[in-house]
Amino acid sequence: MRQIFDEELNQLNKDIISTGALCENAIKTSVQYLLSQDDDIQNEVKEIVEQINHKEREIENMCLRLLLQQQPVASDLRAISAALKMISDLERIGDNADDISEIVSMHNIKASEVENSVLLPMAKASMEMLSDSINSFVKRDGTLAQSVIDGDDTIDDYFDKIKVELTDNVSDGQLKIDAILDIFMVSKYFERISDHSVNIAQWVLYMITGNLEGNTN
């Protein structure tokens, strides 16, 4: 019985990792869309997000089955509980990538406007946070998880810089209002992606230490 449980727990870990990879791909593809303005890429984002949603349902069902049909010890219970929380954040990251692609599809933002702002460095930093949070789960690395949590200040700094940039553009009229609003919303979604990555890292720490401190969601 324990062998079957361990096999299913191992599969749960693999499914979380593969869903994380899908989320990384969804964000990367939405950034490609932002830079290329190629509407075919939006369909790619939506296909990836649909895969994420499907994985979410599978993982939720697996977690509930493990909780109801098995008798997990404390460490296993933490792993399953953390997985349930993490898949929720991963699904929301997928939604955020889709939200970015929806904004890009309105074509108010030009690629040159993105390249000349701090939006791209912010996007890169958000993707790195997600990648590190998933790697911290793979390696059960509490130090890496903590670095993701600490890195949230960097994203906040980028967001503040973008607000200053956009305010300056309102003053000098370099950008249309629609473009300014859309860039702001895209940056907001990258901020949310980083927040979800922080949540994932916090649940990794809980899984390792059993300490819920800092977990608010």
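The CD1 atom of I103 sits 6.5 Å away from the CD1 atom of I109 when rounded to the nearest 0.5 Å. Taking CD from E8 and CG from D15, the interatomic distance works out to 11.0 Å, rounded to the nearest 0.5 Å. Summarising the geometry, atom OG belonging to S194 is positioned 12.5 Å from atom CE belonging to M127; distances are rounded to the nearest 0.5 Å.
Side-chain heavy-atom separations under 4.5 angstrom define the hydrophobic clusters, and the remaining members of the one that includes V45 are V49. Hydrophobic clustering, defined by side-chain heavy atoms of Ile, Leu, Val, Met, Phe, Trp and Tyr closer than 4.5 Å, leaves V164 isolated from every other such residue. Within the hydrophobic cluster formed by Ile, Leu, Val, Met, Phe, Trp and Tyr side chains joined at under 4.5 Å, directly or through other members, I52 is accompanied by L22, I48.
Screening N43, D39, D40 for a side-chain hydrogen bond (donor to acceptor under 3.5 Å, both in side chains) with Y33, the sole residue that qualifies is D39. The residue from D141, N211, I149 that alone fulfils the side-chain contact (heavy atoms from CB on, under 4.5 Å) condition with L205 is I149. Only one option out of D99, D98, D95 pairs with K46 in a salt bridge (Lys or Arg N to Asp or Glu O under 4.0 Å); it is D98.
Geometrically, R140 engages F137 in a cation-pi contact defined by less than 6.0 Å to the ring centre and at most 45° from the axis.
Partners of K161 by side chain to side chain donor-acceptor pair (under 3.5 Å), not counting sequence neighbours: none found. Judged as a side chain to side chain contact (heavy atoms under 4.5 Å, CB included), and not counting sequence neighbours, the contacts of K163 are F159, D160, F184. For the side chain to side chain contact (heavy atoms under 4.5 Å, CB included) test, residues two or more places apart in sequence or in another chain that qualify with V138 are I17, I134.
Residues E60 and R57 are not paired through a salt bridge, judged by the lack of any N-O separation under 4.0 Å between the basic side chain and the carboxylate. The pair K110-E115 does not meet the salt-bridge criterion, since no charged nitrogen lies less than 4.0 angstrom from a carboxylate oxygen.
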Fill in: Test log, rule side chain to side chain contact (heavy atoms under 4.5 Å, CB included), inputs L77 and L67
CA-CA 8 Å; L77 186 59; L67 289 171; 3.4 Å; yes
